[in-house]
Amino acid sequence: SQTIHQWPATLVQPVGSPLSLECTVEGTSNPNLYWYRQAAGRGLQLLFYSVGIGQISSEVPQNLSASRPQDRQFILSSKKLLLSDSGFYLCARGYRATNYGYTFGSGTRLTVV
Amino acid sequence: AQSVTQPDIHITVSEGASLELRCNYSYGATPYLFWYVQSPGQGLQLLLKYFSGDTLVQGIKGFEAEFKRSQSSFNLRKPSVHWSDAAEYFCAVGADSGAGSYQLTFGKGTKLSVIP
């Protein structure tokens with residue numbers, strides 16, 4: 001199985017509060033992992049990707065950070081949320097050495113109020 | 001760098017009508033091409049993919065796509081749309097990002113509405 005687990009499914013947080021979204025993947029080891037955000041009408045925005053433990057590449061400078069403490073765990077964090085952080089956050093995995101595309105998690109809907 | 005253009009932001013079709021969603025890509029080598037579908041509030045699901053060989057690719061849910069190198073296109077088609085096909089559709093091109101890793105570049109998506 002190449003299942004991706006994301007939680008929580010829905011989150012409402014006040015401005016200025018911290019954030020932690022977790023993604024864990026099953027299946028083959030050493031996956032490439034990705035965090036995407038969808039804001040209304042803006043398509044998929046790649047936020048971070050990781051090719052291994054402790055290796056994080058940031059695509060867009062912003063209020064968010066990512067970490068990969070374990071091979072199959074990818075965490076998206078913020079110390080202080082902004083209203084503009086609201087959106088739908090998706091975790092995805094890619095497959096090394098073969099281009100089978102990505103498998104996506106079911107997403108987290110974050111509303112910052 | 002690779003790029004993907006989906007020219008139609010929103011398409012509305014009647015149930016039972018045929019459908020074609022357009023996708024144009026830019027990539028210097030032989031592309032790996034994908035179509036994904038996203039239902040509201042859900043993740044993306046792979047519909048079909050093209051790597052090589054037959055340029056007409058069959059996917060799930062009755063969808064197909066045709067790769068046309070001369071037009072740099074990979075359009076998605078379905079002969080008869082069902083109400084359950086209402087969703088957002090994303091085209092993507094995959095490229096080798098080095099060290100055996102591949103990265104997808106997504107288009108901005110086309111939202112499909114289906115009229116009963």
Side-chain angles (χ1 to χ4, degrees), chain A residues 2-11 21 23-25 28-52 55-60 87-111, chain B residues 1-10 21 23 25 27 29-53 57 59-60 65 67 74 87-111:
Chain A
Q2 306 295 339
T3 303
I4 297 179
H5 301 280
Q6 268 191 260
W7 65 92
T10 305
L11 193 59
L21 301 182
C23 169
T24 60
V25 304
T28 53
S29 61
N30 202 22
N32 293 340
L33 298 175
Y34 305 87
W35 277 112
Y36 283 88
R37 177 171 63 195
Q38 282 183 298
R42 295 190 60 184
L44 287 162
Q45 181 185 29
L46 177 62
L47 301 175
F48 301 95
Y49 70 93
S50 172
V51 298
Q55 300 178 61
I56 307 295
S57 296
S58 174
E59 290 294 304
V60 182
F88 191 55
Y89 288 82
L90 287 162
C91 179
R93 70 162 294 164
Y95 301 87
R96 287 191 177 279
T98 56
N99 199 1
Y100 293 150
Y102 294 171
T103 300
F104 284 84
S106 55
T108 295
R109 171 71 60 191
L110 172 65
T111 303
Chain B
Q2 64 273 18
S3 65
V4 176
T5 300
Q6 293 182 247
D8 304 304
I9 296 174
H10 191 184
L21 301 182
C23 172
Y25 68 90
Y27 184 56
T30 300
Y32 297 88
L33 295 163
F34 305 82
W35 274 101
Y36 286 84
V37 60
Q38 184 182 30
S39 297
Q42 300 296 316
L44 276 70
Q45 180 184 20
L46 180 66
L47 280 176
L48 49 77
K49 57 193 175 188
Y50 170 79
F51 290 170
S52 64
V57 180
I60 62 172
F67 170 58
F74 188 56
E88 190 153 20
Y89 292 80
F90 292 91
C91 181
V93 60
D96 186 350
S97 59
S101 293
Y102 293 88
Q103 194 135 311
L104 297 192
T105 299
F106 289 87
K108 294 190 179 298
T110 298
K111 184 177 180 180

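Chain letters run A, B, ... following the sequence lines, proteins first, then strands; residues in each count from 1. Note that the structure is predicted; figures quoted are calculated from it, not measured. For the numbers below, each heavy atom of this structure counts, side chains included, while hydrogens, waters and symmetry mates do not.
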(message) With a 4.5 Å cut-off on side-chain heavy atoms, are B/Q38 and A/L90 touching?
(response) yes

(message) Measuring only between side-chain heavy atoms, which start at C-beta, is B/L44 closer than 4.5 Å to A/L44?
(response)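 Yes, at least one pair of side-chain atoms sits under 4.5 Å.
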
(request) Would you please name every residue forming a side chain to side chain contact (heavy atoms under 4.5 Å, CB included) with B/A92, sequence neighbours left out? (result) B/F34, B/L104, B/F106

(request) Can you sort out the partners of B/T110 under side chain to side chain contact (heavy atoms under 4.5 Å, CB included), two or more places apart, ordered by chain and number? (result)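 Side chain to side chain contact (heavy atoms under 4.5 Å, CB included) list for B/T110, sorted by chain: B/Q6, B/D8, B/I11, B/L21.
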
(request) Heavy atoms only, distances under 4.5 angstrom: which of B/G41, B/G107, B/G109 has the most pairs with chain A? Name it, please. (result)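 When all of B/G41, B/G107, B/G109 are compared, B/G41 has the most.
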
(message) Counting only heavy atoms not in B/Y32 (residues, nucleotides, ligands), do more than 12 fall under 6.0 Å from its OH?
(response) no

(message) Within a 6.0 Å radius of atom OH on A/Y36, are there more than 12 heavy atoms belonging to other residues, nucleotides or ligands?
(response)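 Yes - once you tally the heavy atoms of other residues, nucleotides and ligands closer than 6.0 Å, there are more than 12.
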
(request) Report the option among A/S106, A/A92, A/C91, A/A9 that has the most heavy-atom pairs separated by less than 4.5 Å from atoms of chain B. (result)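 The residue among A/S106, A/A92, A/C91, A/A9 with the greatest pair count is A/S106.
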
(request) Sort A/Q38 into side chain, backbone, both or neither according to what part of it lies under 4.5 angstrom from a heavy atom of chain B. (result)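 Contact with chain B: side chain only.
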
(request) Kindly compute the distance separating CG (A/L46) from OG1 (B/T105), expressed to the nearest 0.5 Å. (result) 9.0 Å

(message) So which atom in A/Y102 and which in B/Q103 form the shortest heavy-atom distance, rounded to 0.1 Å?
(response)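 It is OH-CA, 3.2 Å.
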
